[in-house]
Amino acid sequence: MLLEHLNTKLKAIEAQSLTRFLRQAESRTAPRQIVRGADGIARELLMFCSNDYLGLAAHPRIAEALAEGARIYGGGSGASPLISGHTVAHERVAQTLADWFAPHIPQARAIGFCTGYMANLAVVTALGDEQTEIFSEALNHASLIDGTRLAKAKVTRFGHADVGQLRTLLAASQAKIKLIVSDAVFSMDGDLAPLPQLLALAEEFDAWLIVDDAHGFGVLGAKGRGSLEHFDLKSQRLILVGTLGKAAGLAGAFVVAHETVVEYLLQAARNFIFSTASPAAIEHALLTSFDLIEGETGVQRRENLVRLQAQLRKGIEALLARHPRLGWKLAASETPVQPLIVGGNAEVMQLAARLEREGLRVPGIRPPTVPKGEARLRITLCATHSAADVEQLLAALASAAADMDRVAA
Ligand SMILES: *Cc1c(COP(=O)(O)O)cnc(C)c1O
């Protein structure tokens, strides 16, 4: 019965062109990666899909630091942090992050998690108790949404970047504790949340602001500290969540907030208490990643990202001007996430498949990850792409657009 039931649901997914596939990479995460296709054949592809924005995942110093960490600490951590899994390496990572964000969050303290998904579930469920109302931005990441589903708090959604609506909702709220929750950089659109305005509302209405900076950490700000540095925010009401699996090139996540908030997470967040601590070797390597992010490597790579973004946007805008009939749109993004909105599910998957045949891997993103009718290529740039790599993508997109325009005519 179960298999029949699941097969019916799988067929419905297929009928909407929504089936997802797992592929196997055979080399490290880098702009060029060897990937085994659905036909079982391994090919080298030029990748525009990774969130390894600074190209640190393949950095030799990170690999060396991981190996060194493994020699010191061995493999797994063996237990949850409060039992015996917490090491000096975990503590140093937390201390570094607390120091980094002290200028933005007075009395900052940090706590680590194994993934950003877990960190988001932890903050939203632990803080979202019965006396709390959560104001959740419409385009928040799935992990924040899952957190609101598990939380005991009342949950109120506000429209994407709709500061006016949020103000009305906050003004009407009777809740004792108010939590505003928003991505800093929206993962499928690449745009930035109006964080200064959200924080001003938090100050005005005695609310707190949870910022998920998964795509800003390492990328935004002169030192790569992310959205808080980019907007120069400072407030005790900021609760920052970041992941270390994207620009930091490794794995893990953190929450930085006022020390009392973090102490409460340590006592109450079930995802922290009941889950094995991350391997210490990863924490050891994160210290090297932090050096790279704030040092000369990080500065140069962030500069290169900005150049590549400008090159890509200019090229795509010219292409859209030549083919208005296709109805494609380039999202208004100032980050390495540069989505090209194509529209239909089948159309975007055909386009992605064509690019792959030409040696380019750019994922098609479909509903429910994005709204219906707004399926898109989620192009992501990496600081280790070259200008020639971006040119190659633009040329492939231009020839695909010309062919699709002809078919549409
Ligand atoms: C990737 C992502 C997460 C989850 O982080 P992981 O470390 O990959 O689990 C959370 N929020 C946003 C906005 C993300 O893009």
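Numbers here simply count residues along the sequence, with the first being 1.
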Has E4 got more than 12 heavy atoms of other residues, nucleotides or ligands less than 6.0 Å from its CD?
->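 No, CD of E4 has 12 or fewer neighbouring heavy atoms, counting only those of other groups under 6.0 Å.
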Which residues pass the ring-ring contact (aromatic ring centres under 6.0 Å, His included) test with H284, sequence neighbours left out?
-> none
List in chain and number order the residues that pass ring-ring contact (aromatic ring centres under 6.0 Å, His included) with F135, two or more places apart in sequence or in another chain; answer none if no residue qualifies.
->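 ring-ring contact (aromatic ring centres under 6.0 Å, His included) list for F135, sorted by chain: empty.
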Just checking, any donor-acceptor pair under 3.5 angstrom between side chains of H104 and E229?
->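 No, no side-chain donor-acceptor contact under 3.5 Å.
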Could you tell me which residues satisfy side-chain contact (heavy atoms from CB on, under 4.5 Å) with [X], sequence neighbours excluded, listed by chain and number?
{"X": "A79", "result": "I83, S84"}
{"X": "A108", "result": "I105, V256"}
{"X": "T125", "result": "L150, N271"}
{"X": "Q236", "result": "P106, Q107, H258"}

Residue pairs passing the salt bridge (Lys or Arg N to Asp or Glu O under 4.0 Å) test where at least one lies in residues 166-185, sequence neighbours excluded =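 Output for this query lists R167-E204.
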Can you check whether L166 reaches Q197 side chain to side chain, under 4.5 Å on heavy atoms?
->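 No. Closest side-chain heavy atoms not under 4.5 Å.
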Could you name each residue pair satisfying ring pair (Phe, Tyr, Trp, His ring centres under 6.0 Å) that touches residues 175-194, not counting sequence neighbours?
-> H160-F186
Look up atom CZ in R61 and atom CG in L292, then write down how far apart they are to the nearest 0.5 Å.
->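 One gets 4.5 Å once the value is rounded to the nearest 0.5 Å.
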What class does the angle between the rings of F290 and W100 fall in, given that below 30° is parallel, 30 to 60° is tilted and above 60° is perpendicular?
-> tilted
Kindly write out the residues that satisfy salt bridge (Lys or Arg N to Asp or Glu O under 4.0 Å) with R157, not counting sequence neighbours, or none if the list is empty.
->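 Salt bridge (Lys or Arg N to Asp or Glu O under 4.0 Å) list for R157, sorted by chain: empty.
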Indicate every side-chain donor-acceptor pair of residues 390-402 with a distance under 3.5 Å to a residue at least two apart or in another chain.
unit_1	atom_1	unit_2	atom_2	d
E391	OE2	Q311	NE2	3.0
S399	OG	R354	NH2	2.8

Quick one: list whatever passes side chain to side chain donor-acceptor pair (under 3.5 Å) with R225, sequence neighbours left out.
-> E294
Quiz: residues 319-330 side-chain donor-acceptor pairs under 3.5 angstrom, not counting sequence neighbours:
unit_1	atom_1	unit_2	atom_2	d
H323	ND1	D405	OD2	2.6
R325	NE	D405	OD1	2.8
R325	NH2	D405	OD1	3.0

